[in-house]
Amino acid sequence: MFILEEPQYHRVRAGEVNRFRGVALGAERVTFVRNGEVIAEATVDQPCPELAWLVHVPQATTSRFVAEVRVEPHDTIEIRANGETQFVYDLHDEARLASLWDCVTQLPVPPSDLVATTQGGGDTESYRDAILTSVTTPEVLLRDSGIDLKNVRDVLDVGCGTGRVLAGLHCDDPTRRLVGTDINADLIAWNRANLPDVAEWHVTGLWPPLDFSDASFDLIVFASVLTHLPLDCQEAWVREILRLLRKGGAAIVTLHGETHASLLLDAATREQWRRDGHIAFAAADEGANAYSTFHTPERARALFRDFASVTLHPRGDVHRGLFPFGGVQDVWVLAGPI
């Protein structure tokens, strides 16, 4: 598992030395390569308390690397681990990123306890970075399915939390109609009080339907939602997506796939998961973070069978120069309905 944490593109200082930090689980060393030449190296031995819960992976708690690397204007740097390219750091479209970032920094940021509720950690600066990523990464994911984000006018984010995705889409184009729903009334109350001009905000139940007319939206986002619901509830929400989505529109849905299964499930449970295609752990009520579900690609495709096209991006990867949209969850782009 490889995750580049920093520097995000909008924070890089071109022409200067920048700190690169990330996680390279299972690697001993990370190298930075420009034009075939190694320009920096880092050992993978720094503390990573965020992965302490991976008790069956001993190296997880020291799986972080840190390196000082000079970044030139319009630079391209390959980051390699175990001999393979894991990330291509490619500076691009700096003017647009600067404009988006200027808007993001003017928006209120939730207190750290609310950030932790939706992201698993209370770092408000990482949360602010993720607002910008919620535009740039889905834009590429949609483009790979033939959908131009510029043409998206009406967006629904189910399980919107504190509005991170919609805040980014608002900064990208404030003329869009944006709607956020969540079962957590405290999160929606914060959105209404602090982001009233970004979107409409609604408290909803665990199950559909939603109070919107058919074919109301060009884009529907389900980020880390079906991952916490039982299978029959997932199927009901997929039918609701199909009802609400316009022809020519798309949905972005994240699921726990191979990466989460390999990290979180023991060998016997992984075998059951592969055999059944789906497994759920009910360590809390349905809809809570501790209620976790896992899908094989085959089972997910069956769940999404009524869409015109279905594209899987394992771990959200479509180009190795993207910062992740849903952590290391699989990202599915569902174009349709048929």
is_close_aromatic([X], [Y]), centroid dist under 6.0 Å:
X: His228; Y: Phe281; result: no
X: Phe2; Y: Phe65; result: yes
X: Tyr89; Y: Phe32; result: no

Assess whether a salt bridge exists between [X] and [Y], defined as any Lys/Arg side-chain N lying under 4.0 Å from an Asp/Glu carboxylate O.
X: Arg299; Y: Glu235; result: yes
X: Glu125; Y: Arg11; result: yes
X: Asp154; Y: Arg176; result: no
X: Arg34; Y: Glu37; result: no
X: Arg153; Y: Asp218; result: no
X: Arg70; Y: Glu16; result: no

Interatomic distance, [X] atom [atom1] to [Y] atom [atom2] [nearest 0.5 angstrom]:
X: Phe87; Y: Leu4; atom1: CZ; atom2: CG; value: 5.0 Å
X: Ile39; Y: Asp75; atom1: CD1; atom2: CG; value: 6.5 Å
X: Thr76; Y: Asp90; atom1: OG1; atom2: CG; value: 4.0 Å

Scan side-chain atoms only and decide if [X] and [Y] contain a donor-acceptor pair under the 3.5 Å cut-off.
X: Asp182; Y: His202; value: no
X: Asp102; Y: Ser99; value: no
X: Gln329; Y: Ser224; value: yes
X: Thr31; Y: Glu41; value: no

Geometric class of the Phe217/Phe212 ring pair [parallel <30°, tilted 30-60°, perpendicular >60°]: perpendicular
Aromatic plane relationship, His256 with His260 - under 30° parallel, 30 to 60° tilted, over 60° perpendicular: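 Because their plane-to-plane angle lies in the 30° to 60° range, the rings of His260 and His256 count as tilted.
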Residue Glu28 excluded, over 12 heavy atoms near CD under 6.0 Å: no
Heavy atoms from other residues, nucleotides or ligands near CG of Asp214 exceed 12 (cutoff 6.0 Å):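 Result for CG/Asp214: enclosed.
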pair Thr136-Leu322: side-chain heavy atoms closer than 4.5 Å: no
Heavy-atom check, side chain of Thr311 versus side chain of Asp144, under 4.5 Å: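 A side-chain contact under 4.5 Å is absent here.
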Set of residues satisfying ring pair (Phe, Tyr, Trp, His ring centres under 6.0 Å) with respect to Tyr291, sequence neighbours excluded: none
Glu5: partners by salt bridge (Lys or Arg N to Asp or Glu O under 4.0 Å), with sequence neighbours left out: Arg21, Arg64
